[in-house]
Amino acid sequence: MDALFQVQTSAPSTMAKRPCPSENPRIPTFTQMDLLLDAFLGLSDSPSICIDFSFERLLDSLPSDLDQSRLIDRALKMGNFLLEASKRSARKRATKHNSVVWALPPDLTIKVFSMLDAQSLCYATATCSMFHKCAMDPSCYANIDLTTVSPRVNNAVVSTMIHRAGNSLQSLKLGIVPGPTASLGSCQPLVYNVTSFSWNDKRSRQGKESSVLTRSCLSPLGGASTPGMLLRTLHLYNIERMDNPSLRAALSACPSLLDLEIVGLHVELRQTLTSVIENCQFIERLFFESSKTGRDDSLKSPTCVDLVQKCPRLVSLALRGFKLHDYKVRILLKGLRKLKYVDFSTSYSITGSFLRNLGNSMIGGNLLEVLILRDCMHLKEVEVARFMTSLLAGDFKFLRHLDISNREGLASEGDWYERCYNSRIIPIEQVIKERPDVCLLADFPSEGSYFEIEQMLESEINSDISLQSQLSNQTSDSMFISSSESSYNSDQGSGNEDGRDASYVIFEESSDEVDFLAL
């Protein structure tokens, strides 16, 4: 028993503090249960067969089967109690050990944890109580990135993360990201390279991925603690169940948003921009890629003007895969005076006429550093040649990256069905020589397969909207398609002279005197 007391005094007691003997206050007072438990645990050194025989003898001594069953249940219950008590004590000892040997104070530990990705942070949380306490600090969840290459995140995970962040939430990224990304302004073709990822490619893949996130995944942003109030960055990728009302409700809860990136959502361009105009007027970067290339024709001139007037801080604007006309693009470029990064890749109806006299203008466009017009089907060779000539003349002094690559070549002046793959009028070599500060990408195929791709696009469009109906009924209005913009091949000449909203002011494309801010 003396040895028993020596063992017990070497470890702290988990029992409630009791008055200690005056002769030695460091020696705890043990109850009868403590002594019995110590004696019982001493049997762990005995051979297991001895314990088996002893337990069998106890069972045989009982008169009835019911009593024997109760004995077995009590033994299992006691074993479970000891197991749980042992685990708790082990965790306490591990926490105490970690707090002693861990080199960083709590504030620096929290700082380190705030730099971890979501999965690593969860692993750290489950390591020990000390790490769990540090990892539950709201600042660790300020930048939530739950993007995955396969659907593994659901609404409950998103809600938990957002509630843990509370008002510390700064950045939120959700959805499926099937391809690599490129940094802003780099010489690589954009965030989602057409050659590495497109919705046409995604549809052709076997076993199409579908996210487990639903339309309500962003509803926690407008919760009681309003975690979306200070949100600065919101990136959403391929959340197939997201719709216009849900996205609008989410944006209404994020008045401080500076960076919005939307890829592959089935939402309308005009409604989304209207929500941004109404709720996110401090926005500086807007990246929006359509899930239905060339079929969203909802953007109207008044919406462009509202965006210019209500969101003047925009520095980076990317509208990819939408049906945009040159005069609408010109409204945006001339009005958003701080624009430095512009990307209209895979957009239909853009011919390039919006670039005329833009580089020497004192009102917008002259500060562009990055201009990307990759795979714009209607981009004309003659407009690109005019733009290159303006570069040689000294316009666009701040331009550092230009991408006019097109997998189907450029459209000719007379008929955009006639493709140009090796232009003689575009001074590419001269620009490379005289403007070495510009990273120029002008990749064209030696020969095209335009009609094969057009047939593929038509087959996709016919699954949702009859292309034949669009081509034959150009005089009828619909919600998204106006009478003058109802087909892809309606762009003759500049492609935009007739593509104006009937009730809105006409902007002259060849003039540089358009200042709609004065309206």
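Computed from a predicted structure; not experimentally measured.
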Side-chain heavy-atom pair Asn279, Cys254 within 4.5 angstrom cut-off: no
Applying salt bridge (charged side-chain N to carboxylate O under 4.0 Å, His left out) as the test, list every pair that has at least one member in residues 427-437; sequence neighbours left out. Arg400-Asp437, Arg435-Asp437
When you compare the side chain of Leu265 with that of Thr272, does any pair of heavy atoms fall below 4.5 Å? no
Taking the side chain as every heavy atom from C-beta outward, state whether Leu258 and Ile283 have any pair of such atoms under 4.5 Å apart. no
Taking side-chain hydrogen bond (donor to acceptor under 3.5 Å, both in side chains) as the test, write out the residues that go with Ser405, two or more places apart. Asp403
Shortest non-hydrogen contact from Glu408 toward Met377: CB-SD, 4.2 Å
Donor-acceptor contact present, side-chain Arg320 to main-chain Thr346, <3.5 Å: no
Non-hydrogen side-chain atoms of Phe387 and Leu358 separated by less than 4.5 Å: no
Applying ring pair (Phe, Tyr, Trp, His ring centres under 6.0 Å), name anything that partners Phe344, two or more places apart in sequence or on another chain. none
Gap between atom CD of Glu369 and atom OH of Tyr341 - 0.5 Å precision: 12.0 Å
Check: Leu373 and Leu355 side chains under 4.5 Å, non-hydrogen atoms: yes
Taking C-beta and beyond as the side chain, do Leu441 and His401 meet within less than 4.5 Å on heavy atoms? yes
Measuring from Leu257:CG to Cys280:SG, what's the distance to the nearest 0.5 Å? 5.0 Å
The residue among Asp296, Val329, Leu332 that forms side chain to side chain contact (heavy atoms under 4.5 Å, CB included) with Leu319 is Leu332
Going by the rule ring pair (Phe, Tyr, Trp, His ring centres under 6.0 Å), which residues pair with Tyr141 if we only count those two or more places apart in sequence or in a different chain? none
Holding to side-chain contact (heavy atoms from CB on, under 4.5 Å), I want the full list of residues that pass it with Cys140, two or more places apart in sequence or in another chain. Ile110, Phe113, Leu121, Asp137
Taken in chain and number order and not counting sequence neighbours, the residues that satisfy salt bridge (Lys or Arg N to Asp or Glu O under 4.0 Å) with Arg386 are Glu383
Would you name the heavy atoms of Cys311 and Leu336 that are closest together and state the gap between them? O-CD2, 3.4 Å
Short side-chain donor-acceptor distance under 3.5 Å, Ser349 and His378: no
Quick one: which residue pairs count as a side chain to side chain donor-acceptor pair (under 3.5 Å) with a foot in residues 247-256, not counting sequence neighbours? Arg248-Gln271
Do Asp326 and Ser353 meet the criterion of a side-chain donor-acceptor pair at a distance under 3.5 Å? yes
Here the pair of heavy atoms bringing Ala385 nearest to Pro427 is O-CD, 4.4 Å
All side-chain contact (heavy atoms from CB on, under 4.5 Å) counterparts of Arg215, not counting sequence neighbours: Asp243, Ser246
How would you list, by chain and number, every residue that makes a side-chain contact (heavy atoms from CB on, under 4.5 Å) with Thr160, sequence neighbours excluded? Arg164
Is there side-chain contact between Val431 and Leu392, with at least one heavy-atom pair below 4.5 Å? yes
Do Ser219 side-chain atoms and Ser216 backbone N/O form a donor-acceptor pair below 3.5 Å? yes
Please give me the minimum heavy-atom distance between Thr303 and Ile277, naming the atom from each residue. O-CD1, 3.7 Å
If you round to the nearest 0.5 Å, how far is NZ of Lys338 from CG of Leu367? 10.5 Å
Shortest non-hydrogen pair, Cys376 vs Ser345, comes out as SG-CA, 4.3 Å
Check: Val158 main-chain N/O paired with Asn155 side-chain donor or acceptor under 3.5 Å: no
Please answer whether the main-chain N or O of Arg407 pairs with a side-chain N or O of Asp375 as donor and acceptor at a distance below 3.5 Å. yes
Sequence neighbours excluded, which residues qualify as side-chain hydrogen bond (donor to acceptor under 3.5 Å, both in side chains) partners of Asp145? Thr147
For Ser114, the side-chain contact (heavy atoms from CB on, under 4.5 Å) test, sequence neighbours excluded, returns Lys111
Under 3.5 Å: donor-acceptor pair, side chain of Ser412, backbone of Glu418: yes
Can you check whether Leu402 reaches Phe396 side chain to side chain, under 4.5 Å on heavy atoms? no
Mind checking what makes ring pair (Phe, Tyr, Trp, His ring centres under 6.0 Å) contact with Phe444, not counting sequence neighbours? none
